[in-house]
Amino acid sequence: MAVVGNYPLPPNSNPSPRTKHSQERKQIIYLLQKCKNINQITPIHAQIIRNGHEQDPFIVFELLRVSSNCNSIDYASKVFQQIQNPNVYLYTALIDGFVKSGSYLDGIRVYSQMVEACVMPDNYVVGSVLKACGSQLGLKEGREIHAQALKLSLSSSRSVRMKLVELYGKCGEFEDAWRVFDEMPERDIVALTVMISCYVDHGLVEEARNIFDGVQTKDTVCWTAMIDGFVRNGEMNKALELFRDMQREGMRPNEVTIVCVLSVCSQLGALELGRWVHSYVGKYGIELNHFVGSALINMYSRCGSIDEAE
DNA sequence: ACTTGAATGT
């Protein structure tokens, strides 16, 4: 008698190597994305090498991003150096990492290496390196990359235009900044907010105010940028006036707004005002995050109420 | 596989 039946094979009992690889990749990427610090990354990295995924661009992309996000740009940089022919995504991830850690020159250097390796830039990597140029006041490099982007037809993307506005604005080249702005398809509130901050950076608060007044529908970030502009210029009363105006117009402050206004209270030594601003925490979804917390401690200690600084 | 962006003093 037959003791072994002729059963049909269950589905996926013999997956192709391609499918198996793809599942492993998904699994590794999932594990990487959960990492909160470098100590969680290294064992996964070791496993990646053991399993021969060291050159898999999707996995390496995730490894670079998560390392950068865990403040381990040096680690990301070492990982990158092991890659044989990095593609434009990997270059972008590394440049973003350097920008995030404040190493703008390194970001520009990596872009230059990419160009030397004849890897074709796309609008994402151009946006990343322009961000580095703007933060570094690298006007010369920024202009060259702008010209190159025009030749490659990469200058029409929103992010590239935004970063060009930021580059020229930070460098005080306002004519060029407005020229890029005027080529944008719409009056972009984000770009206008950037311009407000750039004028303030250059001590041109009146000009910033004129731009601000010309914005039809101001959002919280735009209001906050202008409030911060007055704070940085020492015009505390104008900052407070704007804080009232924004709420009169039905706009809610957020954590950043509160940090700015608490800074006003600190500098004025206005304890009662500070307590009132403190009462915003918990309302409107305003959280007691790290920034708000230290602004509160600072305000109370500078206003002479050490016990409330707790 | 990324980019709906921008703003955080003492």
Side-chain angles (χ1 to χ4, degrees), chain A residues 22 25-26 28-30 32-33 56-66 68-69 86-97 99-100 121-131 134-135 154 157-167 169-170 177 181 184 186 188-201 208 211-212 215 218-234 236 239 242-243 246 251 253-269 286-287 289-299 301-303:
Chain A
S22 154
R25 169 193 279 164
K26 261 174 128 175
I28 292 168
I29 288 173
Y30 172 76
L32 282 173
Q33 285 172 342
D56 182 321
F58 290 79
I59 287 173
V60 174
F61 176 78
E62 215 53 53
L63 194 50
L64 293 177
R65 285 201 86 88
V66 76
S68 303
N69 287 336
N87 63 23
V88 69
Y89 291 96
L90 302 186
Y91 278 104
T92 308
L94 187 63
I95 293 170
D96 281 345
V99 167
K100 197 167 306 181
D122 64 9
N123 51 350
Y124 295 114
V125 77
V126 167
S128 294
V129 73
L130 284 174
K131 176 86 184 173
S135 308
L154 297 175
S157 88
R158 173 134 187 261
S159 68
V160 168
R161 287 175 156 153
M162 199 77 71
K163 271 130 190 168
L164 283 169
V165 168
E166 189 180 37
L167 164 76
K170 282 195 168 164
F181 178 85
M184 294 173 84
E186 58 189 35
D188 193 305
I189 189 172
V190 176
L192 287 171
T193 305
V194 168
M195 288 302 282
I196 288 169
S197 294
C198 290
Y199 275 99
V200 171
D201 281 343
I211 298 165
F212 176 79
V215 179
K218 306 173 179 67
D219 62 11
T220 296
V221 179
C222 188
W223 280 100
T224 305
M226 193 65 240
I227 291 171
D228 177 59
F230 284 129
V231 176
R232 281 158 63 194
N233 203 47
M236 304 305 167
L242 227 49
F243 181 59
M246 80 178 283
M251 194 59 59
N254 64 14
E255 286 86 354
V256 183
T257 324
I258 296 304
V259 169
C260 290
V261 180
L262 283 173
S263 160
V264 173
C265 302
S266 297
Q267 296 182 52
L268 293 179
I286 294 171
E287 293 172 19
N289 63 20
H290 174 258
F291 292 113
V292 174
S294 45
L296 278 171
I297 290 169
N298 195 270
M299 183 276 293
S301 53
R302 286 185 55 115
C303 291

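Labels below follow one simple rule: chain letters A, B, ... track the order of the sequence lines, proteins then strands, and each chain is numbered from 1.
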Checklist entry - Base, sugar-phosphate alone, or nothing: which one does A/N87 contact when heavy atoms must sit under 4.0 Å apart? => result base
Next on the checklist: Does B/dT10 have OP1 or OP2 under 4.0 Å away from a side-chain N or O of A/S266?
Outcome noted: yes
Next on the checklist: Using salt bridge (Lys or Arg N to Asp or Glu O under 4.0 Å), reason through A/K100 and A/D96 one step at a time and then give a plain yes or no.
Outcome noted: CA-CA 6 Å; A/K100 197 167 306 181; A/D96 281 345; over 6 Å; no
Checklist entry - A/D201 has an atom CG; how far is it from atom P of B/dA7, in whole Å? => result 10 Å
Next on the checklist: By the 4.0 Å heavy-atom rule, please label A/S128 as base, sugar-phosphate, or nothing.
Outcome noted: base
Checklist entry - Is A/D219 touching bases, backbone alone, or none of the nucleic acid, heavy atoms closer than 4.0 Å? => result base
Next on the checklist: Rounded to whole Å, how long is the line connecting atom CE of A/M162 with atom C1' of B/dC2?
Outcome noted: 16 Å
Next on the checklist: Check this for me, if you would: do A/D201 and A/K170 make a salt bridge, where the nitrogen-to-carboxylate-oxygen distance has to be below 4.0 angstrom?
Outcome noted: no
Next on the checklist: Test your reading of the model: is there a side-chain donor-acceptor pair from A/N123 to the backbone of A/V126, 3.5 Å cut-off?
Outcome noted: no
Item to check | Sugar-phosphate, base or nothing in reach of A/V221, heavy atoms under 4.0 Å | outcome: base
Checklist entry - Contact class for A/K131 (heavy atom, under 4.0 Å): base, sugar-phosphate, or nothing? => result sugar-phosphate
Checklist entry - Side chains of A/T92 and A/S128: donor-acceptor distance under 3.5 Å anywhere? => result no
Checklist entry - With a non-hydrogen cut-off below 4.0 angstrom, is A/Q267 in contact with a base, only sugar-phosphate, or nothing? => result sugar-phosphate
Item to check | Separation of atom CG in A/D96 from atom P in B/dT3, rounded to whole Å | outcome: 9 Å
Checklist outcome for this item: Side-chain contact check for A/Y124: nearest option of B/dA6, B/dC2, B/dG9 is B/dC2
Next on the checklist: Between A/W223 and A/F212, does the ring-ring contact (aromatic ring centres under 6.0 Å, His included) criterion hold? Intermediate values first, please.
Outcome noted: CA-CA 8 Å; A/W223 280 100; A/F212 176 79; 5.2 Å; yes
Checklist entry - With sugar-phosphate meaning primed atoms plus P, OP1 and OP2, does A/N254 contact a base, only sugar-phosphate, or nothing at under 4.0 Å between heavy atoms? => result base
Checklist entry - How long is the line joining CH2 of A/W223 and C1' of B/dA7, in whole Å? => result 15 Å
Checklist entry - With a non-hydrogen cut-off below 4.0 angstrom, is A/T224 in contact with a base, only sugar-phosphate, or nothing? => result base
Next on the checklist: Using OP1 and OP2 only, check whether a side-chain N or O of A/N123 sits under 4.0 Å from B/dT3.
Outcome noted: no
Checklist entry - Counting N and O atoms only, with roles assigned by atom type, does the side chain of A/E255 sit under 3.5 Å from a partner on the main chain of A/E287, one being a donor and the other an acceptor? => result yes
Checklist entry - Nearest of B/dC2, B/dT3, B/dG9 to any side-chain atom of A/D228? => result B/dG9
Checklist entry - Where the side chain of A/T193 is concerned, which of B/dT8, B/dA6, B/dC2 is the nearest nucleotide? => result B/dA6
Item to check | Distance, rounded to the nearest Å, where A/K218 contributes NZ and B/dA6 contributes C1' | outcome: 16 Å
Item to check | Whole angstrom value for the distance that separates P of B/dA7 from CG of A/L262 | outcome: 20 Å
Checklist entry - Taking CG from A/N233 and P from B/dA7, how many angstroms apart are they, rounded to a whole number? => result 18 Å
Item to check | Closest nucleotide among B/dT10, B/dA1, B/dT3 to the A/R65 side chain | outcome: B/dT3
Next on the checklist: What's A/S263 touching, base or sugar-phosphate or nothing? Going by heavy atoms closer than 4.0 Å.
Outcome noted: sugar-phosphate
Next on the checklist: If I take atom CD1 in residue A/I211 and atom C1' in nucleotide B/dA6, what distance separates them, rounded to the nearest angstrom?
Outcome noted: 13 Å
Next on the checklist: Looking only at the side chain of A/K163 (C-beta and beyond, no hydrogens), which of the listed nucleotides B/dA1, B/dT8, B/dT3 gets closest?
Outcome noted: B/dT3
